[in-house]
Amino acid sequence: QVQLVESGGGLVQAGGSLRLSCAASGRTFSSYFMGWFRQGPGKEREFAAAISWNDINAYYADSVKGRFTISRDNAKSTVYLQMNSLKPEDTAVYYCAASNHATLLRSEYVYWGQGTQVTVSS
């Protein structure tokens with residue numbers, strides 16, 4: 001059983017930065033493959049970034065590659081998403097999610113947070 005709570009969202013100007021945090025509670029956080037997804041206005045929820053249990057492998061959507069960095073601190077049971085050079089099209093609700101295996105597919109993530117709003121002004 002895993003519970004996920006996101007924080008760190010807010011309003012920022014284009015070109016600015018935010019760091020999102022996802023605090024996990026429950027069983028064996030370090031064993032989960034963690035991902036960040038986002039859902040903009042009128043859009044489907046889409047993959048943004050993911051990271052393996054050992055921090056060795058990180059994966060990014062083309063839309064965020066080079067601007068976003070995912071990391072995790074297993075000792076703190078927390079995953080982060082550092083977002084730099086933000087664009088208006090990054091405006092979305094950002095969700096933290098956990099999977100039992102390595103995957104980028106939304107449908108294969110078992111646990112989800114409630115989301116945190118990120119708004120990037122133009």
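No experiment lies behind these values; they were computed from the predicted model shown. Hydrogens, waters and symmetry mates play no part in the numbers below; they use all other heavy atoms, side chains included.
- Interatomic distance, CG of L4 versus CD of Q114, reported as 10.5 Å (0.5 Å rounding).
- For the residue pair P88 and A14, the shortest heavy atom distance occurs at CD-CB, 4.1 Å.
- Side chains of V110 and N100 form a contact here, defined as non-hydrogen atoms less than 4.5 Å apart.
- Proximity of a side-chain donor or acceptor of T78 to a complementary backbone N or O of A23 within less than 3.5 Å is not detected.
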Assess the residue pair T116 and E6 against the criterion (side-chain hydrogen bond (donor to acceptor under 3.5 Å, both in side chains)); give the C-alpha distance rounded to whole Å, side-chain angles, the decisive distance to 0.1 Å, and a yes or no.
CA-CA 6 Å; T116 185; E6 303 95 336; over 6 Å; no
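- A distance of 6.5 Å separates OG1 of T69 from CG of N84, quoted to the nearest 0.5 Å.
- Across every non-hydrogen atom of R38 and S63, the tightest pair is NH2-OG, 3.3 Å.
- A side-chain N or O of Q117 and one of T119 form a donor-acceptor pair less than 3.5 Å apart.
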From CA spacing to verdict: side-chain contact (heavy atoms from CB on, under 4.5 Å), T91, E89:
CA-CA 5 Å; T91 294; E89 51 262 45; over 6 Å; no
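- The nearest pair of heavy atoms linking M34 to A98 is SD-CB, 3.6 Å.
- Put simply, Y60 and V118 are part of the same group of oily side chains (I, L, V, M, F, W, Y) that touch within less than 4.5 Å, one to the next.
- Note that R106 lies outside the cation-pi zone of W112, set by a 6.0 Å cut-off to the ring centre and a 45° limit from the axis.
- Of all heavy-atom pairs spanning E44 and Q39, the tightest one is C-CG, 4.1 Å.
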Dump the intermediate steps for side-chain contact (heavy atoms from CB on, under 4.5 Å) on L20 and M83, then the final yes or no.
CA-CA 8 Å; L20 305 184; M83 306 185 296; 3.7 Å; yes
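- Side chains of S21 and K76 form no contact here, defined as non-hydrogen atoms less than 4.5 Å apart.
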Check the pair F68, L81 against side-chain contact (heavy atoms from CB on, under 4.5 Å), reporting the backbone distance first and the verdict last.
CA-CA 7 Å; F68 291 11; L81 187 67; 4.0 Å; yes
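- F47 CZ to R45 CZ: the interatomic distance, rounded to the nearest 0.5 Å, is 14.5 Å.
- For Y95 and Y109, the gap between ring centers reaches or exceeds 6.0 Å.
- Taking CG of L18 as the start and CG of D90 as the end, the distance is 10.0 Å to the nearest 0.5 Å.
- Transitive grouping of hydrophobic side chains (ILVMFWY, heavy atoms separated by less than 4.5 Å) brings F37 and V93 into a common cluster.
- Between Y111 and Y32, the ring planes are perpendicular. Angles over 60° get that label, and only those under 30° would be called parallel.
- Counting heavy-atom neighbours within 6.0 Å of Q3 CD, excluding the residue itself, gives a total above 12.
- Side-chain contact check for W36 versus V79: some heavy-atom pair is nearer than 4.5 Å.
- Between F33 and Y59, the ring planes lie tilted relative to each other; the angle falls in the 30° to 60° range.
- C96 SG to I70 CD1: the interatomic distance, rounded to the nearest 0.5 Å, is 8.0 Å.
- Summarising the geometry, atom OG belonging to S122 is positioned 14.0 Å from atom NZ belonging to K87; distances are rounded to the nearest 0.5 Å.
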